[in-house]
Amino acid sequence: MLAGLFLSLSTSVPTSWPSPGDFLGPVRLPRAADDEPLLAVRAGRVIVRPGEEIENGVVLIERGIVLAVGKDVPIPEGARVLEGKVACAGFVDAWSSLGLDPVSVYDPNVTPSSRTLDALDPWQQPQERVEALRGGVTSARVQVGRASIFAGLGALVYTDERSTPAVLLEDACLAGSIGLARGGRVPDVFDRVAEVDRLIGALDKARRYRESQVEFRDELKTWLEGVAKKVTELEKDFKKAKKDREKEEKDAKDKGKEFKEKKFKEDKKPRAVRFDPDDEAIARAVEGEVPLVVEVHRASEIRRLLDKTEPFDRLRLVIAGATEARSFAEELAERDIAVIVWPTPMGTWRADEYQAHDLALAGELARAGVRVLIGSGGGSDARELRFLAALAVGHGMDAADALAAITSAPARVFDAAQRVGTLERGRSADVLVFDGDPLDTGAPLRFVIARGRLVVQ
Amino acid sequence: MNAMLLPLSLGVVCVLSPWLAAQEEDDWTISADMVYTAAGAPIEDGVVRVQDGKITAVGKGGGGSLEVAAITPGLIDLGVEIDTGLYSVEQSRESAASLSVADALDLFSFQWKRELTSGVTTVLAVPADYDVVGGLGVVLKTGGPATLEARLVRADAVLRGALGTQPSSGNNAPRFGDPANFYYRRPTTRMGVEWVFRKAFYDTIQGEGVTEPAIAADHDVLRRVLAGELTLSVAARATQDVRTAIYLKEEFKIPHMIIDDAVEAWREPELLVRSGASVVLPPFPADGRVDDGFVNDSYFVPLEAARMLHDLKVTFALSGHGSREVGTRLSDQAGLAQRGGLAFEDALAAVTLTPARMVGVDQRVGSLEVGKDADLVLWNGKPFEPTARVVGVLLNGRLVLDPRPASR
Amino acid sequence: MKNPKLPPAARALCAGVLLAVGHADGKLVIEAGRIVTQAGPDIENGRIVIENGRITALGKADEVEKPWDAVVLGGPKTVAFPGFIEAHTSQGMDRANENIDVAPFLDIRDSIDPVAYYFEDCLRYGITTVNVQQGANCVVGGRGMIVRPVGMTVEELTVRPLYGLKLSARPKNGKSRATQMQALRYAFDDLKHYLEDLVEKERDERGYAKREALFQGRDLEEEKAQGRAMGGTAWKVDGLDLIPRGALDEKFAPLLDLVEGRYAAFIHCADPLDVAHALEIARANGFLARTTLVIEEDCWKAADLIAEAGVPVVLEGALVDVRRDPVTGEEQETFVPGVLHDKGVRFALSSESPSTRAPAFQAALAIGRGLERAAALDAVTKVPAEILGLGAEVGTLEVGKLGNVALFNGDPLSVTSWVEHVVIEGKPVYDRSKDVRNKQLLEGVQPANTAPPSKVDAPDPEHADEAGKEGAQDEKKEDEKKEEKEEKKEEGGGKGGGR
Amino acid sequence: MTPFLTTVLASLPVLSAACARPADENVLQIRARELWVGDGQRLENALLVVADGRIRSVSTGRAPDVSLPLYEHDGVVTAGLIACQSESGAAGELYDDTRAVLAGAHTLDVFQPEHRDFERARAAGITTVVLSPGGENLVGGIACAVKTAGGRVLEPRSALALSFSGAALGRTNSAQFFFFGAAEDELQGPAEGGPEQPGRSARGTREPTSYSGAVATLQRLFASGAEPYASAERGQLPVTLDAWDRHEIVRAALFAREHGLRGAVRGAPLAGDPEVLSELKKSGLGVILGPWSAEQTRASLESLPRLSEAGLPVAFALDAPAHSPEDLRLFAARALSVGAPRDAVWKALTVDAAAIAGVGERVGRLAEGMQADFVLWSGDPLDLRSRAQKVYVDGVLAWSEPRPHR
């Protein structure tokens, strides 16, 4: 194993907050956990990130933040020390609806600008979140609107519920789905193809919406400059114009004709683009500010989706489900399109879109270089994540890839790599302590630390 | 727009004192400002002594290990409607008299505990009313180990029949073909229901050779009803159903009959008095109107119905129908009966001794007398008043709801 | 609660009978064995003198002098109680909601039904002031009004017109919590965009006019601002003073008044998540100070949030939340007013509660469940009065206040006591001995020459919404039945092995 | 002792055994890094000798007989897994709508050895499957235990399937009857214009329609003394009682105790409930848990450790093909995740399952004389990361991993 990344730390524990500069993007700082005692985890193997471990390293945690990870980090007295064989970062479920109001999850008239945050219901089914924590899942990407083509803005949330806001990222992604059975009706081929085209059409419209906004801004700037120049001119020869006008007025009155004002002409002000919340949301995905997660399963739709999204170069596409994506492995790897796989055993009674389901998909995609994420299938049983990763390894996936698929990879794809997914200084203190390898379902999970608080022991 | 602050800390949950693991101790002395024994005058500053599940002493005196405002006997509800729905009645034949609901009860259901913690300690469980003659009902306690022999007070307490619209609900006669089999059902009207009812008793009385063992068993049960060994409990809500029940009672000279869920029994005073049937009143709806539920019709029960039946000297009991809403349970019905003019003692009797007597278990439960089961309800004020509440319950001498922790 | 319509003739007859009791000249004396003033200790056999609708004297019988020409009501065994106040209801109307999401321009005045059964029930339970708002099946409903439950015309009913604006955080039919919150947010975003566009257009026009005048050599007198700057605390659109308020579109004007804090807001919440959404919207748009939450029983879980926001609450749900814990299967009963009282939330009980309609009976149930007597009685008198801003007028029996009195024939909290007389603004408007429907409810005897009660016509379609509301209640019952059926099925991978 | 000497000494007994009998052609020796006997013992680099379908010897430290074929396995060797309730290769055929009682039905008649379900079961390390009805009939018929390879029937009369669950109760054609999950059309009763003879009925209209009716029917059947009820009462034929809700389990346990039946309750997610457990202990019935769906609550996951503490045999129901054979080990992993002891979970997959299926002395453990059903795993079988690399049924290689794994 690579020698641990050694971090020397001055003995004095820094009291100041890690500077905001450390954090990337529109991320909310977790408020201080109520004054928890200092926590320290000592483990035979500390997995900083899959593939990088420290031999009997120590993880120091204070106020919900990992303060230091290293070989011989000094542990201040008064800290509570937890021993274990292996320590690694908390699992991140890439595809879940944990803690959401069930009606909203399957609401068909969700629009691209709907926010999953509005459905986050801490008072509903707390035991689902407790079970998820006991399964090691400390944060999850949750999504409403599984039954509509566009499902709005997903969010990245912590699974433990406390007074501090449980939201890690309000707008982790824009989501959509193609070819799913909506309202009990299984779409035929033409419907499915039409859904791809509607999705692409919406992306295109949003792109033009954003371009026209930029255009409008430029036109308005030039127009305003023009007007300002015009006004200075007019003010300059206002006195002359006033004299001329009085003369003309007098003449018209003398001749008994009716005085006619001079016609004033100027080019019209450019019209602003009408504000459309849906286009705003989709435009953010087209510009790559947030990834676009599309649940799609059959080969024909994946083929069409990959071809049609080619021109959107800044779009960060992520495919969920991807049951028949085996033959597109190279293209997915080359275009760096992440794939969220749901490797659960399925009997014969599976939904129409999972007909070609095979547990080996995750392994094959990973071997072809695709960035593979593992999710619990959009349902609320996130506690199965560890079993799913183990099953994927059992069917040919490399162990390090599988651990990455539930820790660092989802954090990276959803722009939260600075907060979760790895055990490094400055990260949120989500730490799991095992009696064996993290994916060894035979070895029980001893401790779960979520945001610096020991929740399971 | 900042994210919502969603705190975990729920509002202080001031729930009923939590269900305590059944206290092992079996002997208690409980004193109260008023002890309503339902078997004589109420005792001021009385005390009740309980040992090994039985009442060993009732009398004046104080200093009990528990001090409460009032003690009443465990309440008894004959119309509690806790059953496994359509699984509790055998619909393969119209009259399944020999089948008992004892084999179809779910003693793990939370509804028993809901009744127990609201003061109801003994109930009559009967099959659902989807058959004309549903089968045998049992009287059992609402607490204790979740097995029937632990909770049973009286097996085969009543034979359950039903008139009105429910037994015929959902049946549809075919447009052609043999109507009599199980897959096309008779009856489809109230007349049909009465025909099946009369036919069951008529065949029993004729008693000619019946080959089918199940039918023979049914006839034995019906014969016991005719001989008066078994009480017949008939669900009859509308005026015409109450009349039909009484006519059937007089036609077949059925000695003991309870008219259950008798919404409009108050409209037939002469028939009730003449027939000598006893009555179980439904919970009093706020606007007096009870919906039929199977057809678009509704029936009317005034608040004074209990007082009217009392004045007619008809034996009657009140029922809460296992209501989920606080304020409409059996203890509240006794209050509403008083609002209709019934005296407190008669209201107390209508939820304790009278129902016990109607199903023949009054030698074990129904009143606070030495030797009876130690089923006690402890109140924090005048019983059945809205300003009072059940704070403690003893079942078979075990404290199943503890008044001591200061719970709201 | 069914609200079946008797044929108009019969209804007029009933209402007429009630009113005949009142009389002119405005002098009335109430003598009672006990007067519960709710503003100090009870007065044993006291006397209240009401002249021209207001209480002019109140005290022990021998200390208060009785004017010679006053009508006297009550007797030694009666108890006088301040008239109860209904802080929020959607009853007494033809239809509770339009079906468009955002309709702030609607007004209750156009749909209130002076002779609805609900108002008759109010008198029967001693309720003298009712705040009628739109129903909850909306995103932004319309404006409501405060009424007295007696009178033949809307004007006679009205105590305060155009009072309060109704919003709902509970999803409208066909919406989920996510889309409902989205619609609520858009309602205020649309207002903002509308105002900004209006101001921008006005500025452009003035800019053009100035340039044209310069070009034509005219002096342009500077137009003074016709409107007034935008008030409110949350967000502002500067330059709104350029626009005369009359020019604002009727669809947006009430919403603007709400944001500027000139309207009281009533937000309906069914779940704790709704409470969180409601408070967020109220804070974001600056009307939290004038917000009242109309909650159902499940919202006790968000009592902390409500206490933190300091908003008053009307409890339209049941007094006790009976809920099954999915993990343990045990049933938990939580006494909602108790939780609200512990958290210091000001709450009012409502006649909408399914537990029971009568406020006195609800207060008694609350006392039975452990709430102090004073808090329970306040919840049906003083607190609703303060919520409606009528603290100085009603809620207690004090000199100078309106003469709204409910006269009981015994202790109001006992189950056997009835409201014998109701006096609104000095006029006796209800007398139980002449109450036809109450006689039938009590004795079951159908008095002569009144419509037969048994054949009640099914709710006609135009009450669809009311039926809808009822439907919602039936749905609620349905859910409970379904919930209980699931519980009956208990655990397990489902029959047939989780197929 | 020099290394040379030890090998000679070690091989002496084998030589003597070998030359005593002519070398059989199908003797197979397997040396593995670790061997799980099945009763909790774990042997390091053990030697398993298999001859014509039976296990000849299991030992550790003994050198293999060089003249016989030897296979070195760097992994774990265990007995084959046993799934206690499944419809492999017979989906939808093991129940009948029209009649509640199918005493004469025999699942052996539906056994299709070559069906693909069995191949997928082998791939998951399952060597024995009990084909038993799914609890939709009051008396479902006789279940049989079969091997997942070679078409061999291990036990033709494994158990008599009875059902105390709501699924077995017919439904009247009364419109109000909302059977949980029933499709809308089922409620309309027999198709209009269908044939008129009384016996004919669409799914859902069948006697009995209530628990009390079901108990009465079963009492009558058992009182009649006919087969197969008589042999069940005599204890020759074990029974499986399908029961899901707690009151159904208690009713089944009371009935079994009353008629002296032995066997197991199937389904019973909340069998761990203390009051249900006390009734089960009195009746001595085992429990076939599940199958479990993903959203199983913790209470039902914890019933496995509670049952094994109480000393009752516990096994897993697979209910293939509705559930994939991979689910068997997933159920085990879920049980482990709530703290069930490893031995109890492993026994539920092998030893207890064999005992419940009535074949406890023939399969389920690696011991001399047992049938040679065993699996070579890449690692600890309770860890989902390991896979079955080779599966042997009756000593014959029945399945091996298709592609070489890097």
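As the structure is a computational prediction, the values presented were derived from the model and not from experiment. In what follows, every chain begins at residue 1, and chains take the letters A, B, ... in the order their sequences are listed.
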Practice problem: Kindly indicate whether the side chain of C:Arg369, heavy atoms from C-beta on, has any atom under 4.5 Å from the side chain of B:Val326. | Solution: yes
Quiz item: With a 4.0 Å cut-off, would you call B:Arg389 and C:Glu333 a salt bridge?
Solution: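 Between C:Glu333 and B:Arg389 there is no salt bridge, as every charged N stays at least 4.0 Å from the carboxylate O atoms.
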Self-check item: Carboxylate-amine/guanidinium proximity below 4.0 Å for B:Lys113 and C:Glu330
Solution: yes
Quiz item: By salt bridge (Lys or Arg N to Asp or Glu O under 4.0 Å), which residues pair with C:Asp321, not counting sequence neighbours?
Solution: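 Here the qualifying residues are C:Arg323.
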Identify the heavy atoms of [X] and [Y] that sit nearest to each other, and give their distance.
X	Y	result
B:Ala286	C:Leu441	O-CD1, 3.8 Å
C:Leu442	B:Gly340	CD1-CA, 4.2 Å
B:Arg339	C:Ser417	NH1-O, 2.9 Å

Quiz item: chain B heavy atoms under 4.5 Å from C:Leu319: which part of the residue, side chain, backbone, both or neither?
Solution: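 When you check distances to chain B, no heavy atom of C:Leu319 falls under 4.5 Å.
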Quiz item: Mind checking what makes side chain to side chain contact (heavy atoms under 4.5 Å, CB included) contact with B:Ala262, not counting sequence neighbours?
Solution: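 Applying side chain to side chain contact (heavy atoms under 4.5 Å, CB included) to B:Ala262 gives B:Ile259, B:Ala265, B:Val279.
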Self-check item: Check: C:Val322 main-chain N/O paired with B:Arg324 side-chain donor or acceptor under 3.5 Å
Solution: yes
Exercise. Report the distance from atom CD of C:Glu443 to atom CH2 of B:Trp266, rounding to the nearest 0.5 Å.
Key: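 Spacing of CD (C:Glu443) from CH2 (B:Trp266) equals 10.5 Å.
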Self-check item: Rounded distance (nearest 0.5 Å) linking atom CD of B:Glu385 with atom CD1 of C:Ile367
Solution: 11.5 Å
